[in-house]
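A note on names: the letters A, B, ... follow the listed sequences, proteins ahead of strands, and every chain is numbered from 1.
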Amino acid sequence: RPEEQTMARFDPRVTEPKWQKAWDDAGVFQATRDADKPKYYVLEMFPYPSGRIHMGHVRNYTMGDVIARYKSSTGHNVLHPMGWDAFGLAAENAAMAKGIHPATWTYQNIADMKAQMKPLGFSLDWSREIATCHPDYYRHQQAMFIDMLDAGLIYRKNAVVNWDPVDMTVLANEQVEAGRGWRSGALVERRELTQWFFNISAYSEELLEALEGLDNWPAKVRLMQENWIGKSRGLEFGFDRVDGGDPISVYTTRPDTLMGASFVGISPDHPIARALEAENPEAAEFVAECRKGGTTEEAIETAEKLGFDTGIRVRHPLNPDWELPVWIANFILMDYGTGAIFACPAHDQRDLDFCRKYDLPVIDTFFAQDNPAPVTDTAFVPPKTDKVHWVDHFAGLDVATGQEAIDATIEYAESHGWGQGVTKYRLRDWGLSRQRYWGCPIPVLHCDTCGVVPEAKENLPVKLPEDVSFDIPGNPLDRHPTWRDAPCPKCGGAAKRETDTMDTFVDSSWYFARFTAPREDTPTNLADAEYWMNVDQYIGGVEHAILHLLYSRFFARAMHKTGHLPAKCAEPFDALFTQGMVTHAIYTTRDENDRPVYHFPEDVEIHESGARLGATGEAVEIIPSAKMSKSKNNVVDPLNIIEAYGADTARWFVLSDSPPERDVEWTASGADAAYKHLGRVWTLCDRIAAMDPAQTGEGDDDLMREMHKTIRDVTMGVESFGFNAAIAKLYAFTNTLAKSKAGAGAQKTAIRTLAQLMSPMTPHLAEEIWSHQGGDGLIALAPWPVADAAMLIEDTVTLPIQINGKRRSEITVPKDMAKEEVEKLALADKAVVKALDGGAPKKLIVVPGRIINVVI
RNA sequence: GCGGGCGUGAUGGAAUGGUAGACAUAUCAGACUUAAAAUCUGAAGGGCCCUGUGCCCGUGUGGGUUCGAGUCCCACCGCCCGCACCA
């Protein structure tokens, strides 16, 4: 707990609101276009309005705020907006659980969270605030939906989805736990529904190629997207059916293993399987069995390989006398490749497991030079890079690397006219339909005469009805008495509205563009988009590395195609930074059944001998650095921290202890330390302010040198997201200043500069010091200090002397001393003389200003 | 299975190929105090002995490149993350 004595001298509860009001009154953070200034758009991923801010928000927005304030003080016209990702399932769950309308719940949460964010003193332009659940936002999304539909970027098709039969809705994969709906607990079914899709797969190659240019994105994120898009090159060809039916088309990335084919496998959703399902009860039963269990990871992981022999036989493309059976196999996905494969058990583990189970032949066609053992239970996958040997010489071709073999077989198939090389992508089209109320209505109507018709733009927004109830599962829009009824925009006849709403990822795929003109009558205003876009620095959690960021990249292209963004916005985020979590230790004891019992930090006393429960003295186990979780009792509420220490302390701490891309563990001692340090800086300011301006002292020059070095280092730290290192330099400079015997002039300059360097991190304290030291106006408007290059060069320099690479001594020499002189001095050094023992060095390396190495 | 990242004191971490451990926490000692808290000052990687302006070892392990490696290269061990019946 902070001491009352210190509070009396610097009370954040008084000073922080004071400066926040001063910034507001001066309108410091309101952004307007200004052609004379370079713009800088800094954006943190906007929050979901859960109702409570957490430490992760504090860290994320503090980082953005440091950048925003720094850029502003270096002459940039900064845009730093904030809004709410406000549609989503949680609002409907609250409606069901508590009987509150989703809109009421959401808007109340927004008000609450905004009130919690305000005291943190972020330099946000609240005049641009948007909420995606507001018709003023989603009407533009509906307008763009219609434009994108016209442009062929959106289409409708049947798709297999996770269907919860109790809640009567589609579930995202994340909402399926062990094959059951996360709310209902019902076994999830695979069901085919007509759904709306964004044609994102048409952009696979472009989205993949453009990753190359994203130099200021983490390599990790680029790689994750690359893998997600999943480009592959392979051979597509048909197996002729013995019964003369249409050939079965398959895709393979390893055509070089074709001579090891054992059977042809098709997906349970393949048209042939479908046809068989209708006429063969056994096949129907098998296919039904496959459809159970959903499409989740767990279901896939535990699922046994299941197969059903269709009785159909096909001919091997290289040998018409070689007949292969066609099986339906549960592990084959309809939406990748052609939904059918040829299985090569010797060289694919999955195929091998299947063949061993159903007693199908295993033909070894390769052996590696260092792996000649025949395949038994482990498939041998011929490496693409290594040299491999065909056992069964393939079409006259001999030894090659795996990749050469693949290329050669594709070429062979093409030249013989039975197959062709194709490129495939793993990326699937983005299904945007949700059978949900709390989302953006899809603005189309179903007309008996005209079919599916988009709503006329002048009729937008298609607003959500307010009179809905959530006492029955399912989509309230479906059962609303009148909402669905509307005239067909084409023929004027009676039509029915689409009751699906959009995936909330649509909302977040363009909000960054809306921020550039949040009150415009159209989705964007090209002049504003031209000026403010792209986002110069985007900051958020790595959990959005794939979906949100990929969808946004697609959306920016789609918006350009429909005239809503200029071409330069294809990649909307110039630089991306993914910050780590704020974690906290978990304290546990064990109950009589050896199950963990979680304790709040305030109930635990930490002794040198270990941690104990304050009440009983029972030993407590500490699990360090765990994700904050209510059920683990290790959540730190930012509101409590702000109340106890103030916003500056919270901001300083979340930046100080770890590099920003890594997790930082919240500790009470660390927060205390941050608070104490800020108090020390204030005390220092007080002491310096009380100095007689005429007072002289010693070491003015040294202090100024240190100050300029600190300016250089902190500037570098802020520019390169090295906030923790920048803060360490600020600590060090504060210590130097506190011990300095310099005169009043130098000390005043030093404390004012210190305040400026701290101002992005601790803006309130910085303003307080600034005004205390007679600074001009607001520090938020003061230009960033510039390091004087002349002051960074020392008159003398201390060079370490290494002997054979090990530090043995050092000499201090004038900075511009000639190299020959330094060499002479080094050789005269006592340690060097001793080591040389009268001999001559083999080599003498002098790196000016750096180091001397004597090799003996 | 595929892909990627990371291993530095008791702890979080710092180090453009150039004095390893900055800065902070925890710890210990001292000052102030009747006392405690707060505050201030200082110590501190490990080891050795001949106790010094001394020596040896030290960034997961083993090798390599270099005058010089926490940093670059190779192999191994450990931990973490992402993707995954993707043909």
For B:rC76, the Watson-Crick or wobble partner whose two distances fall under 3.5 Å: B:rG60
Of the listed nucleotides B:rA14, B:rA87, B:rG18, the one nearest the side chain of A:I851: B:rG18
Gap in Å between the two C1' atoms, one belonging to B:rU61 and one to B:rG42, rounded: 38 Å
Selected nucleotide, minimal atom distance to A:W228 side chain, candidates B:rA84, B:rC85, B:rA87: B:rA84
OP1 or OP2 of B:rA87 under 4.0 Å from side-chain N/O of A:Y336: yes
Nearest listed nucleotide, side chain of A:E810, among B:rU19, B:rC86, B:rC67: B:rU19
Minimum-distance nucleotide to A:N330 side chain [options: B:rG18, B:rC85, B:rA87]: B:rC85
Rounded distance in Å between the C1' positions of B:rA36 and B:rC50: 47 Å
hbond_proxy A:K830 side chain to B:rU53 base (donor-acceptor, 3.5 Å cutoff): yes
Sugar-phosphate, base or nothing in reach of A:L223, heavy atoms under 4.0 Å: sugar-phosphate
First encountered from the 5' end of RNA chain B, between A:D351 and A:I727: A:I727
B:rA22 OP1/OP2 closer than 4.0 Å to side-chain N/O of A:N724: no
A:N724 side-chain N/O to A:D657 backbone N/O, donor-acceptor pair under 3.5 Å: no
Pair assignment for B:rG12, Watson-Crick or G-U wobble, requiring both distances under 3.5 Å: B:rC23
Under 4.0 angstrom between A:R680 side-chain N/O and B:rU39 OP1 or OP2: no
Integer angstrom distance from the C1' of B:rU33 to that of B:rA38: 11 Å
Closest to the A:A732 side chain, choosing from B:rC85, B:rC23, B:rA87: B:rC23
Syn or anti conformation of B:rG9, syn meaning chi within 90° of 0: syn
Nearest-angstrom distance, P atom, B:rA37 to B:rG47: 30 Å
Expected output: side-chain A:N227 to main-chain A:G230 donor-acceptor under 3.5 Å: no
Same-atom distance (P) from B:rG70 to B:rG18, integer angstrom: 10 Å
N/O donor-acceptor pair, side chain A:R808 with base B:rU53, under 3.5 angstrom: no
A:M581 side chain near A:K627 side chain, heavy-atom distance below 4.5 Å: yes
Side-chain touch A:V797/A:L799, heavy atoms, less than 4.5 angstrom: yes
Residue matched to B:rC85 through Watson-Crick or wobble contacts both under 3.5 angstrom: none
Shortest side-chain distance from A:D657, nucleotide among B:rC83, B:rG12, B:rC23: B:rG12
P gap between B:rA22 and B:rG78, integer Å: 32 Å
Sugar-phosphate only, base, or nothing, as touched by A:P624 at under 4.0 Å among non-hydrogen atoms: nothing
Sugar-phosphate, base or nothing in reach of A:Q802, heavy atoms under 4.0 Å: base
Complementary nucleotide of B:rG30, counting Watson-Crick and G-U pairs under 3.5 Å: B:rC40
Out of B:rG54, B:rA87, B:rG68, whichever nucleotide has its closest atom nearest the side chain of A:K834: B:rG54
Geometric cation-pi criterion, A:K424 with A:Y336: 6.0 Å, 45°: no
Nearest listed nucleotide, side chain of A:P800, among B:rU19, B:rA22, B:rA87: B:rU19
P gap between B:rA44 and B:rA35, integer Å: 29 Å
Touch class at under 4.0 angstrom, heavy-atom based, for A:N227 against every strand present: sugar-phosphate
5′-ward residue of the pair A:I546/A:K739 relative to RNA chain B: A:K739
Under 3.5 Å donor-acceptor, A:S658 side chain and A:D663 backbone: yes
Sugar-phosphate only, base, or nothing, as touched by A:Y731 at under 4.0 Å among non-hydrogen atoms: sugar-phosphate
Donor/acceptor link under 3.5 angstrom from A:K220 side chain onto base of B:rC81: no
A:K729 NZ: over 12 foreign heavy atoms closer than 6.0 Å: no
Inter-nucleotide C1' distance (B:rA43, B:rA26), Å rounded: 14 Å
Presence of A:K806 side-chain N/O under 4.0 Å of B:rC57 phosphate oxygens OP1/OP2: yes
Sugar-phosphate, base or nothing in reach of A:V847, heavy atoms under 4.0 Å: base
Sugar-phosphate only, base, or nothing, as touched by A:D335 at under 4.0 Å among non-hydrogen atoms: nothing
Ring geometry between A:Y551 and A:F505 (parallel below 30°, tilted from 30 to 60°, perpendicular above 60°): perpendicular
